[in-house]
Amino acid sequence: MTTPAVSSRDLPHPAREEIRLEPILHALSDPMRLRIVRELAAVGDELTCSQFELPVTKSTTTHHFRVLREAGVIRQIYRGTAKMNGLRKGDLDDLFPGLLDSLLGAASRQDGRLGSD
């Protein structure tokens, strides 16, 4: 069960104990969502939605962030008018030790092998 939104500015996130492997794997199976997670991991900090340069429409970008948030991969919070996105690395590492690092490493190796972004 996801945490209910308290106001229109609060976004629902799964509680740590509700995060499941299947939605995480689904969320990260999409190249755009994997790209978002890789960028957050590389920066190691929160980024606004507008800091991501994705070759998709704004509504599609919003959808990708929602899928990642609902799977428990990222946390989105408002700071003023900016929606900040942060990787839930601590939660993911505690629940599924090594999973995120393995997936990010595999994505990097795939890029090297295929010469892609």
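Given the structure is predicted, the values throughout are model-derived calculations rather than measurements.
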Chemist: Verify the cluster assignment for V43 and V73: are they in a single hydrophobic cluster under the rule of side-chain heavy atoms below 4.5 Å apart?
Modeler: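 Same hydrophobic cluster.
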Chemist: Just how far is it from atom CG of L40 to atom CD of E46, taken to the nearest 0.5 Å?
Modeler: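 Result: 9.0 Å between the selected atoms.
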Chemist: Check for me, please, whether M84 and V37 land in the same ILVMFWY cluster - side-chain distances under 4.5 Å, paths through other members count.
Modeler: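 Unlinked, M84 and V37 end up in two clusters.
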Chemist: Checking S59 now: which residues fulfil side chain to side chain donor-acceptor pair (under 3.5 Å) with it, not counting sequence neighbours?
Modeler: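 Here the qualifying residues are T57.
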Chemist: Please tell me whether L11 and I19 are part of a single hydrophobic cluster in this structure, the criterion being side-chain heavy atoms less than 4.5 Å apart.
Modeler: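 In one cluster with L11: I19, no.
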Chemist: To the nearest 0.5 Å, what is the distance between CZ (F52) and CE (M32)?
Modeler: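 So the gap between those two atoms works out to 12.5 Å.
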Chemist: May I ask you to decide whether D93 forms a salt bridge with R88, counting only side-chain N to carboxylate O separations under 4.0 Å?
Modeler: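 The answer is no: the pair does not qualify as a salt bridge.
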Chemist: Ion pair present between K89 and D94, side-chain N to carboxylate O less than 4.0 angstrom?
Modeler: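 Salt bridge absent between K89 and D94.
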Chemist: Kindly list each side-chain donor-acceptor pair under 3.5 angstrom involving residues 62-69, sequence neighbours excluded, with atom names and distances?
Modeler:
unit_1	atom_1	unit_2	atom_2	d
T62	OG1	K58	O	3.0
H63	ND1	R66	NH2	3.1
H64	ND1	R33	NH1	3.1
R66	NH1	E70	OE1	3.1
R69	NE	Q76	OE1	2.8
R69	NH1	P12	O	2.7

Chemist: Starting at CD1 of I36, measure out to CG of N85 and round the result to the nearest 0.5 Å.
Modeler: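 Here the rounded value is 7.5 Å.
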Chemist: Any chance you could measure L92, atom CG, to R16, atom CZ, to the nearest 0.5 Å?
Modeler: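 It comes to 9.5 Å.
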Chemist: Decide if atom CD of E53 counts as having more than 12 heavy atoms of other residues, nucleotides or ligands within a radius under 6.0 Å.
Modeler: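 Not buried by this count: 12 neighbours or fewer within 6.0 Å.
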Chemist: Does L21 belong to the same Ile/Leu/Val/Met/Phe/Trp/Tyr cluster as L87, with side-chain heavy atoms less than 4.5 Å apart forming each link?
Modeler: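 In one cluster with L21: L87, yes.
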Chemist: Answer yes or no: is there a donor N or O on one side and an acceptor on the other, between the side chain of R38 and the main chain of L34, under 3.5 Å?
Modeler: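 Checked: no pair found.
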Chemist: Listed by chain and number, what are the side-chain contact (heavy atoms from CB on, under 4.5 Å) partners of L103, not counting sequence neighbours?
Modeler: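 Partners of L103 under the side-chain contact (heavy atoms from CB on, under 4.5 Å) test: L25, L28, L99.
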Chemist: Restricting to non-hydrogen atoms, name the atom on I24 and the atom on A71 that form the minimum distance, rounded to 0.1 Å.
Modeler: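 Of all heavy-atom pairs spanning I24 and A71, the closest is CG1-O, 3.7 Å.
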Chemist: Please answer whether the main-chain N or O of G98 pairs with a side-chain N or O of S102 as donor and acceptor at a distance below 3.5 Å.
Modeler: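 Yes: the side chain of S102 pairs with the backbone of G98.
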Chemist: Nearest 0.5 Å, please: how far is CD1 in I74 from CG in L47?
Modeler: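 Interatomic distance, L47 CG to I74 CD1, rounded to 0.5 Å: 10.5 Å.
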Chemist: Measure the CZ-CZ distance between R113 and R109 for me, rounded to the nearest 0.5 Å.
Modeler: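 Answer rounded to 0.5 Å: 10.0 Å.
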